Amino acid sequence: MSSGTNTSGAPRYRFAPSPTGFFHVGGARTALYNWALAKNEGGTFVLRIEDTDEARNRPEWTEGIIDALAWIGISRDDPTFEGPYFQSQYAEAHVAAAERLFREGHAYYCDLTSEQIQERAKAAGKPGYDGYSRDRGLEPGPGRVLRFRVPEGATVVDDLVRGRVEFQNDTIEDFVLLRGNGSPMFLLANVVDDVSMGITHVVRAEEHLPNTPKQQMLWEALGHTPPTWAHVPVLVNEQRKKLSKRRDKVALEQYRAEGYLADAMVNYLMTLGWAPQGDTEIVPWSRIQSEFRLEDVNHSPAFFDLKKLAAFNGEYIRAMSVDDFVAACEPWLHGEAAPWPADRFDAGVFRSLAELVQTRIVTMSEVPTLVDFMFLPEALIDQVAWDKTFAAADSAAMLRSAREKFAAVDWSAEALKTTTEECGTALGLKLGKAQAPVRVAVTGRTVGPPLFEALELLGRDAVLTRLDTAITRLG
RNA sequence: GCCCCCAUCGUCUAGUGGCCUAGGACACCACCCUUUCAAGGUGGCGGCACGGGUUCGAAUCCCGUUGGGGGUGCCA
């Protein structure tokens, strides 16, 4: 943080989140945009934390941001990554810049209180500050704010996504740079930091577009050429409103905890407002990185569609090799995520079942419920499933018949299937109906992985015990 | 109120004046496959907001209307 001039010529993209205790999916997308560009252009991704007083007391919030970024592939260990910097570190520079703007006539002090400003606005019939102190020549003093002297004319923002956006300066009020207590405002701090860090590209959400002319005027008043701006559309919910913490699931950490894969999340996020070439949206990051162009980003807000995200995640899960899948399952197989006693878990058994589980889930968190019956001491019967299954004709008879035959059958998936089929045929049941009572008795549910493979792995003793328990339960 | 942005199937998008009878993906529906549930396969439904221009020709360019969204603090 020294020169203020970007000497290397390489682009410097800055990502400036403020810690709030969670990492917003919209922020993740913006970060990804910056990252793709910085990577592809041999530039730098500069992380600057816009830390507030509260955030400074909660270092875990900042760690959370760095952690979330790492999860989506933006690692501080990568040479493209620079930072993190903290806005609060540079407060003195912010004040110094403000004082310079005052000395050079770009700013002036004003002693009006908010109430007085409101009264004047009401009297004039126009909202906002009217420039009352512009020419009063006030010196700094307690309670006096420093305001920027917005020049005449218009400010044109050249935006890589929006094109040319023109703002009439007389619609922009003389905004505050320094508060009455002398502390710098966010807008000023932001620009001073960007200037000092030699930022060349500011890629952020569209909600910041109305602030951009102010920032651009600050860049110019400070004697620097403004950066290249790019305002990307926001992410919205089904009501077409900006995603909000209150109503929507916006925390990246939550998706991670539910078992969404980082690759799937990244891929999905990048298809919101942009699309890779060709007919397939499922593409690896390497392709996204090289194909991504800000000029190709859509102009309208994009709906964050959970169903499509889920579909992407399913695709990614199915695309994994079985070994990779088993590895990815690890966090859900042990500890609190696992509903079974730790000593009953059998990695070999799970490995045998993995391929059958893989096509049946959308998020990794669904893994335990699909295989829990294998590692629980006994079946956890779902009453609804039980009632529904045994309401069907002959299902009790089917269960007894299977119990009898299973005692003597050659214990293989194939033989178990044949036997079940035979028992069913004797009762006039097709295989689909015939397997149902056995499934509920052994797994506790009506749905699950293919039954006979599971039975083979469970072993004759366990299966017969569960069938007996079920028969007793039937009364 | 004022300022700014936006507008292709329900959703995400392809499309940059003729390749468009508007393509793909998700969702939905049907059928096939099938030991449940999935997965997979095949097919289907479904869109250029509206009105004016410009042009031989407009989803694509211009203007307007309507409809959405965002911003408007001594918040960040």
Side-chain angles (χ1 to χ4, degrees), chain A residues 16-20 50-52 54-55 87 110 112-114 117 125-129 143-147 157 159 161-163 165-168 170-173 175-183 185-187 189-190 205-213 231 233-234 236 238-242 268 271-282 295-296 298-312 314-315 318 356-362 370 385 389 413 416-417 420-421 424 430-436 438-440 443 445-453:
Chain A
S18 38
T20 54
E50 310 287 12
D51 54 340
T52 58
E54 189 180 13
Q87 180 172 289
C110 176
L112 253 39
T113 63
S114 319
I117 292 170
K126 283 183 186 172
Y129 179 71
R144 292 179 177 180
V145 301
L146 182 70
R147 287 182 178 272
V157 172
D159 191 289
V161 174
R162 312 274 146 191
V165 185
E166 188 171 332
F167 297 84
Q168 294 304 317
D170 57 16
T171 65
I172 302 171
E173 67 174 28
F175 52 94
V176 174
L177 263 19
L178 252 31
R179 298 184 183 88
N181 66 9
S183 66
M185 292 287 286
F186 171 81
L187 194 80
N190 213 312
E206 189 194 351
E207 58 199 278
H208 294 109
L209 186 53
N211 272 329
T212 309
H231 290 88
V234 294
V236 298
E238 48 283 293
Q239 272 78 237
R240 301 250 117 212
K241 299 258 200 278
K242 197 171 68 165
Y268 176 65
T271 64
L272 256 20
W274 179 81
Q277 290 169 27
D279 278 348
T280 319
E281 289 175 315
I282 306 282
E295 292 84 342
D296 297 333
N298 250 276
H299 296 184
S300 45
F303 169 51
F304 189 82
D305 187 353
L306 273 320
K307 282 190 173 176
K308 190 156 180 176
L309 203 216
F312 269 52
E315 287 269 349
R318 275 171 255 130
L356 304 175
V357 171
Q358 204 171 348
T359 57
R360 268 160 255 260
I361 56 169
V362 156
L370 228 35
T389 302
L416 286 163
K417 180 183 175 187
T420 304
E421 251 168 346
K430 290 192 171 170
L431 187 51
K433 291 283 184 195
Q435 57 93 43
V438 179
R439 178 181 291 279
V440 174
T443 74
R445 302 194 179 86
T446 54
V447 303
L451 183 61
F452 307 113
E453 288 76 355

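Please read all numbers here as calculations on a predicted model, not as lab measurements. Protein chains get the first letters and strands the later ones, always in sequence-line order, with residue 1 at the start of each.
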How many Å lie between CZ on A:Phe452 and P on B:U35, as a whole number?
9 Å

Counting only Watson-Crick pairs (N1-N3 plus N6-O4 or O6-N4) and G-U wobbles (N1-O2, O6-N3), all under 3.5 Å, who is the partner of B:U34?
none

With no angle test and no hydrogens, is the base of B:C37 tied to the side chain of A:Arg360 by a donor-acceptor pair under 3.5 Å?
yes

Taking only the side-chain nitrogens and oxygens of A:Arg240, find out if one of them lies under 4.0 Å from OP1 or OP2 of B:U11.
no

For B:G1, the Watson-Crick or wobble partner whose two distances fall under 3.5 Å:
B:U72

Would you please confirm or rule out a distance under 4.0 Å between OP1 or OP2 of B:A27 and any side-chain N or O of A:Lys308?
no

Looking only at atom C1', what distance separates B:U8 and B:C48, rounded to whole Å?
4 Å

Side chain of A:Arg318 - closest among B:C4, B:A39, B:U35
B:A39

Report the distance from atom NE2 of A:His299 to atom P of B:G15, rounded to the nearest whole Å.
12 Å

Counting only Watson-Crick or G-U wobble pairs whose two distances fall under 3.5 Å, which nucleotide matches B:C26?
B:G10

Under 4.0 Å between a side-chain N/O of A:Asn298 and OP1 or OP2 of B:A14, yes or no?
yes

If I take atom CD in residue A:Glu54 and atom C1' in nucleotide B:C75, what distance separates them, rounded to the nearest angstrom?
12 Å

Student check: side-chain heavy atoms of A:Val161 and A:His231 closer than 4.5 Å:
no

B:C26 phosphate, OP1 or OP2, under 4.0 Å from A:Lys307 side-chain N/O
no

When you compare B:A49 with B:C9, how far apart are their C1' atoms, in angstrom units rounded to a whole number?
14 Å

Is any side-chain nitrogen or oxygen of A:Lys433 closer than 4.0 Å to OP1 or OP2 of B:U36?
no

To the side chain of A:Glu281, which of B:G40, B:G24, B:C5 is closest?
B:G24

Start with the C-alpha distance between A:Lys308 and A:Glu281, add both sets of side-chain angles, then the distance that settles salt bridge (Lys or Arg N to Asp or Glu O under 4.0 Å), and finish with yes or no.
CA-CA 11 Å; A:Lys308 190 156 180 176; A:Glu281 289 175 315; 3.0 Å; yes

Other residues, nucleotides, ligands: >12 heavy atoms within 6.0 Å of A:Gln277 CD
no

Do A:Phe304 and A:Tyr268 have their ring centres less than 6.0 Å from each other?
yes

